[in-house]
Amino acid sequence: MDRLLTLISQAESPVHGYDSVHHGATIRPPKRPSQMTISEIVAWVRATPGQPHAIGRNQIIPATFNRVVRALGLSGGTLYDRRTQDMMGRYLVEEAYLLRLHQRTHHP
C-alpha cells in the first residue's frame, strides 16, 4: 500500500508532497497544508470559491475530502499531517478496490 501511495503522489504532488496545493489555486492556504486542521482546510475552501482546491500529497478535491473525513470519523481539529493524509489515501485506494471487486462480482 505504501508503494502504491508513493506512486500516486509522484504523479499528483512530485515537488511539495504533503504540502501540495493545486497550481491553479490563486489564493493559497494561510499555512502549509500539513500544518492545517481539517476545519482550517474546509474554511479555506469556503473562503476561496471558484478556484481549484486539490490539496495534500494525494491532491484530494473538496467533495472527496469531505466524504472521506466523514467516513473516517475525523474531527475538525484533526491535523492534515502525514498520518492523516496517508490514512485518507489508503481509504480511497481500498474504496476503489472494493468498488472494482463489487463490479466484477455483480456484472459478469
Side-chain angles (χ1 to χ4, degrees):
M1 178 66 79
D2 289 339
R3 289 177 65 195
L4 179 56
L5 289 174
T6 297
L7 178 65
I8 293 168
S9 74
Q10 287 170 346
E12 293 291 343
S13 55
V15 177
H16 299 290
Y18 293 97
D19 289 317
S20 290
V21 176
H22 190 282
H23 62 85
T26 55
I27 301 172
R28 311 296 282 184
K31 51 188 171 180
R32 295 187 336 207
S34 66
Q35 295 178 341
M36 296 175 74
T37 64
I38 299 294
S39 291
E40 288 173 324
I41 291 170
V42 170
W44 168 68
V45 169
R46 284 188 185 141
T48 58
Q51 70 172 19
H53 292 101
I55 193 164
R57 182 183 193 207
N58 301 300
Q59 289 293 276
I60 299 176
I61 62 172
T64 303
F65 182 90
N66 294 333
R67 182 174 56 78
V68 174
V69 164
R70 283 190 306 274
L72 293 174
L74 301 176
S75 73
T78 302
L79 198 59
Y80 193 55
D81 59 6
R82 173 184 297 252
R83 180 181 164 277
T84 301
Q85 290 186 43
D86 286 348
M87 181 188 331
M88 292 174 81
R90 279 191 298 277
Y91 177 87
L92 289 168
V93 168
E94 290 169 2
E95 178 184 65
Y97 171 76
L98 291 174
L99 178 61
R100 181 76 175 142
L101 188 62
H102 177 77
Q103 288 172 343
R104 283 187 187 166
T105 59
H106 289 85
H107 303 285

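What you see is a predicted model; the values in this text were computed from it and never measured. Heavy-atom basis, side chains included; hydrogens, waters and symmetry copies ignored.
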So, does Gln85 use its side chain to make a donor-acceptor pair with the main chain of Gly56 at under 3.5 Å?
no

For Arg28, does the CZ atom have more than 12 heavy-atom neighbours from other residues, nucleotides or ligands under 6.0 Å away?
yes

Counting distance only, does the side-chain N/O of Thr48 pair as donor-acceptor with the main-chain N or O of Trp44 below 3.5 Å?
yes

What are the two closest non-hydrogen atoms of Pro52 and Ala25, and how far apart are they?
O-CB, 3.5 Å

Short question: side chain of Tyr80, backbone of Ile55 - any donor-acceptor pair under 3.5 Å?
yes

Looking only at side-chain N and O atoms, does Ser9 offer a donor or acceptor that is under 3.5 Å from a partner on Thr6?
no

Between Asp86 and Leu5, what is the shortest heavy-atom contact and its length?
O-CD1, 4.0 Å

Using the rule given for side chain to side chain contact (heavy atoms under 4.5 Å, CB included), can you reason through Val93 versus Ile8, listing the C-alpha separation, both sets of side-chain angles and the distance that settles it, and then say yes or no?
CA-CA 10 Å; Val93 168; Ile8 293 168; 4.0 Å; yes

Just wondering, more than 12 heavy atoms not from Arg83 lying within 6.0 Å of its CZ?
no

Full working for side chain to side chain contact (heavy atoms under 4.5 Å, CB included) between Gln51 and His22
CA-CA 9 Å; Gln51 70 172 19; His22 190 282; over 6 Å; no

Can you tell me if Thr84 uses its side chain to pair, donor with acceptor, with the backbone of Leu79 under 3.5 Å?
yes

Answer yes if Tyr91 and Ile41 sit in the same cluster of Ile, Leu, Val, Met, Phe, Trp and Tyr residues linked by side chain heavy atoms under 4.5 Å apart, and no otherwise.
yes

Could you tell me which non-hydrogen atom of Pro49 sits nearest to which non-hydrogen atom of Arg46, and how far apart they are?
CD-O, 3.6 Å

Glu12 side chain to Arg57 main-chain N or O, any donor-acceptor pair under 3.5 Å?
no

For Met88, the option from Leu72, Asn58, Thr64 that meets side chain to side chain contact (heavy atoms under 4.5 Å, CB included):
Leu72

Atom pair OG1/CG of Thr37 and Asp81 - distance to nearest 0.5 Å:
11.0 Å

Could you see if Tyr18 belongs to whatever hydrophobic cluster contains Val42? Use Ile, Leu, Val, Met, Phe, Trp, Tyr and a side-chain cutoff under 4.5 Å.
no

Does Arg3 reach the side chain of Leu7, with side-chain heavy atoms less than 4.5 Å apart?
no

Shared hydrophobic cluster for Leu74 and Val45 (ILVMFWY, side-chain gaps under 4.5 Å):
yes

What one should report as the nearest heavy-atom pair of Pro33 and Val21 is CG-CG2, 3.6 Å

Does any non-hydrogen side-chain atom of Val68 lie less than 4.5 Å from one of Ile60?
no

Hey, are the side chains of Arg90 and Leu4 touching, using non-hydrogen atoms and a 4.5 Å cut-off?
no

